[in-house]
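Comments concern the structure below.
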Amino acid sequence: MGNGYQVEMRGISKSFGGVKALQDVDFCVRKGEIHGLIGENGAGKSTLMKILGGAVQKDAGEILIEGRKVNISDPRTARRLGIAVIYQELALAPDLSVAENIFLGRLSSTPFIKWEELHQKASELIEGLGFNIDPRHVVGELSVAHQQVVEICKALSENSRVLVLDEPSAVLATQELQKLFHLLLNLKERGVSIVYISHRLEEVLEITDTITVLKDGKKVGTVKSKNTDKEELIQMMIGRTLESMFPSRHAKVGQEVLRVEHLKCGRRVQDVSLTVREGEVVGIAGLVGAGRTETARAIFGADKKDEGRILIGGKPVLIKSPSDSVRNGLGLLPEDRKTQGVVLSMPVKANITMSSLRRITSLPGWISHRKENIIVDQIIERLRIKTNSPEQEVSELSGGNQQKVAVSKWLAAECKVIILDEPTRGVDVGAKVEIYRLINELAERGMGVLMISSEIPELIGMCDRVIVMREGRVVGEISQNELSEERIFRLAIGG
């Protein structure tokens, strides 16, 4: 292997039906290198790695492993060649032990299993990575971070020399992520080549040596991580700069539309007071477990509050359920849009109007389809929802468009206040910009917006002021002209 490459993918092309997922892509990874692979949703990252892992067959191109041309016809062949792909949805057997999962598929070669020996080997692998996990423990009871360690041990037990991680950090807390990074650097030292796919650019810049950017199934370029920054990567991914990610807002801030006083709900919401005015975007920041989502649910009536007062438009309101909220002009876009924000199996049209049936019923129980069609067509056009027709199922739309449908039902219901819980989670950079535009439009129409986000740059770029929570309480409020990552973080951690 004269050129030092562990993996060479040359001229890879792949189409699904008429859609070109990959066009003439080159992707090479050196031995003992952590190589980032980034791009918007649909850029072709997962397809390229599925081809390397044998799950998808290429239409054209060639693959070389350690300089030798290979034909990867199925996942078993990939594993035999030392390639392990760890997908976002971990492929573990939850009811089996850690040791059984690590050596799964190689247990049946003898009639008797030497359990002591198996546990010993599993322990050595786990400890070699710097972790302390009991090999007898049932995998389903482990944290997601530890389940990931088990997946990596499984790959190493098969002597994998190439490890592909697809969005490994999507479910990890900060401390767990640092442990994962430590583990990857340890593997790199041992000469393992790692491909790291993630939407989180700060993370990619921190952990990788090299980064390759894909856009619309084509390779845009490969850069050294130490010679680039987030700004350049975003420009490569979407063709626009970071500044233009947060479009300017021209909203007139008016009267107070929402006031929450001394809200308490269970253990997670201890004492929360806040206000939102017309045309204002107010952020809520805090670490995982600070009680942000629980606060949103308590305000909206999804969870029963223990104490506190809510005023909408200056008048006290009694909110005991989500239907009370809707009646009073308050909407909530939950963090988990797929299970709570939209009904995936229903058409776009039904999702848009489900919270505003009173607007489209002419007689009790009779829906006026003319009124419904007018509202739906206006909203699809205004939010630029990409759909074949209002009858298309929401499950067939992209993540960004599903998110727009989830917001649209509150537009149709003519809300005065909308609470957005992680509105851009799981959508790519391009779709984020569309959602930011949409938030600005809501504010410009005089709506009050309360936005929860874990992405501090997003809060700084979008909010008029930010409320910081810690352990169920509001610990500070920062106005637009004083917003900084350091200020928010210090309050969040109690510094």
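Throughout, residue positions are numbered sequentially from 1 according to the sequence presented.
Looking at residues two or more places apart in sequence or on another chain, you find a side-chain hydrogen bond (donor to acceptor under 3.5 Å, both in side chains) between Glu396 and Gln392. Not counting sequence neighbours, the partners of Lys349 by the side-chain hydrogen bond (donor to acceptor under 3.5 Å, both in side chains) test are Asn373, Glu391.
Heavy atoms only, all atoms of each residue included: Gly53 and Val85 are closest at CA-CG2, 3.8 Å. Closest of all the heavy-atom pairs between Ile439 and Pro423 is CD1-CG, 4.3 Å. The shortest non-hydrogen separation linking Ala492 to Val468 is N-CG1, 3.6 Å. Between Val29 and Ser193, the shortest heavy-atom contact is CG1-CB, 3.9 Å. In terms of heavy atoms, Asn481 sits closest to Ser479 at OD1-OG, 2.8 Å. Contact between Gly448 and Val257 at its shortest, heavy atoms only, is CA-CG2, 4.0 Å.
From Gln270, atom CD reaches atom CZ of Arg473 across 5.0 Å, with rounding to the nearest 0.5 Å. Remark: Ile478 CD1 to Ile467 CD1 distance equals 10.5 Å, nearest 0.5 Å. With rounding to the nearest 0.5 angstrom, the CD1 atom of Ile38 is 12.0 Å from the NZ atom of Lys215. A distance of 10.5 Å separates CD in Glu206 from CD1 in Ile34, rounded to the nearest 0.5 Å. If you take NZ on Lys154 and CG on Asn101, they are separated by 6.0 Å, rounding to the nearest 0.5 Å. Taken to the nearest 0.5 Å, the CZ atom of Phe131 stands 5.0 Å off from the CG atom of Leu183.
Cation-pi geometry between Lys179 and Phe181 is not satisfied (NZ or CZ under 6.0 Å from the ring centre, within 45° of the ring normal).
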(request) Kindly indicate, with the supporting measurements, whether the criterion salt bridge (Lys or Arg N to Asp or Glu O under 4.0 Å) is fulfilled by Lys404 and Glu434. (result) CA-CA 9 Å; Lys404 287 185 190 177; Glu434 290 275 298; 2.6 Å; yes

(message) Would Ile418 and Leu330 count as a side chain to side chain contact (heavy atoms under 4.5 Å, CB included) here? Give the steps.
(response) CA-CA 6 Å; Ile418 185 165; Leu330 175 63; over 6 Å; no

(request) Just do the side-chain hydrogen bond (donor to acceptor under 3.5 Å, both in side chains) check on His35 and Thr212 with the steps written out, would you? (result) CA-CA 7 Å; His35 197 124; Thr212 292; 2.7 Å; yes

(request) Quick one: do Lys219 and Val213 satisfy side chain to side chain contact (heavy atoms under 4.5 Å, CB included)? Show the steps, please. (result) CA-CA 6 Å; Lys219 176 174 160 179; Val213 182; over 6 Å; no

(request) I would like to know whether Leu287 and Phe489 meet side chain to side chain contact (heavy atoms under 4.5 Å, CB included); could you show each step before the answer? (result) CA-CA 9 Å; Leu287 302 176; Phe489 199 65; 4.0 Å; yes

(request) Could you check Leu483 against Ile488 for side chain to side chain contact (heavy atoms under 4.5 Å, CB included), going step by step and ending with a plain yes or no? (result) CA-CA 7 Å; Leu483 277 175; Ile488 292 173; 3.9 Å; yes

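Side chain of Ser325 to backbone of Phe300: a donor-acceptor contact under 3.5 angstrom is found. When atom types are taken as modelled, the side chain of Glu422 and the backbone of Ser454 share a donor-acceptor pair closer than 3.5 angstrom. The closest donor-acceptor contact from the side chain of Ser273 to the backbone of His262 lies under 3.5 Å. Remark: the backbone N or O of Ala290 is not paired with any side-chain donor or acceptor of Glu471 at under 3.5 angstrom. Judged purely by atom type and a 3.5 angstrom limit, Asn440 uses its side chain to pair as donor or acceptor with the backbone of Pro247. Of the possible polar contacts, one joining the Asn351 side chain to the Pro347 backbone as a donor-acceptor pair under 3.5 Å is found. Asp303 contributes no side-chain N or O that, together with a main-chain N or O of Ala298, makes up a donor-acceptor pair within less than 3.5 Å. Proximity of a side-chain donor or acceptor of Ser484 to a complementary backbone N or O of Arg487 within less than 3.5 Å is detected. One N or O on the side chain of Arg292 and one on the backbone of Gly286 form a donor-acceptor pair closer than 3.5 Å. Under the 3.5 Å distance criterion, the side-chain polar atoms of Asn186 are left unmatched by any main-chain donor or acceptor of His182.
In this structure the side chain of Leu163 never reaches within 4.5 angstrom of the side chain of Val195, judged on heavy atoms. Residues Thr293 and Arg297 are in side-chain contact: their nearest non-hydrogen atoms beyond the backbone lie under 4.5 Å apart. Counting heavy atoms from C-beta outward, Ile207 and Tyr196 have side chains that approach closer than 4.5 Å. Contact annotation: the side chain of Phe246 approaches that of Met462 to within less than 4.5 Å [non-hydrogen atoms, C-beta and beyond]. No side-chain heavy atom of Asp421 sits under 4.5 Å from any side-chain heavy atom of Pro334. Contact of the Val98 side chain with the Leu142 side chain is registered, since non-hydrogen atoms from C-beta on lie closer than 4.5 Å. You'll find the side chain of Met451 stays beyond 4.5 Å of the side chain of Val282, heavy atoms only. The side-chain heavy atoms of Leu92 and Glu151, taken from C-beta on, include a pair separated by under 4.5 Å.
Between Arg465 and the choices Gln480, Glu280, Glu482, the side chain to side chain donor-acceptor pair (under 3.5 Å) rule is met once, by Glu280.
Note on Asp216 versus Lys20: no salt bridge recorded, every NZ/NE/NH1/NH2 to OD/OE distance being 4.0 Å or above. Using a cut-off of 4.0 Å between Lys/Arg side-chain N and Asp/Glu carboxylate O, Arg490 and Glu486 are scored as salt-bridged. Note on Asp209 versus Lys188: salt bridge recorded, some NZ/NE/NH1/NH2 to OD/OE distance being below 4.0 Å.
Within 6.0 Å of the CG atom in Asn132, the count of heavy atoms belonging to other residues, nucleotides or ligands does not exceed 12.
No side-chain donor-acceptor contact under 3.5 Å links Ser453 and Glu455. Side-chain atoms of Glu203 and Ser198 form a donor-acceptor pair, as typed in the model, at a separation below 3.5 Å.
Applying the side-chain hydrogen bond (donor to acceptor under 3.5 Å, both in side chains) definition to pairs two or more places apart or across chains, those involving residues 305-316 are Glu261-Arg309.
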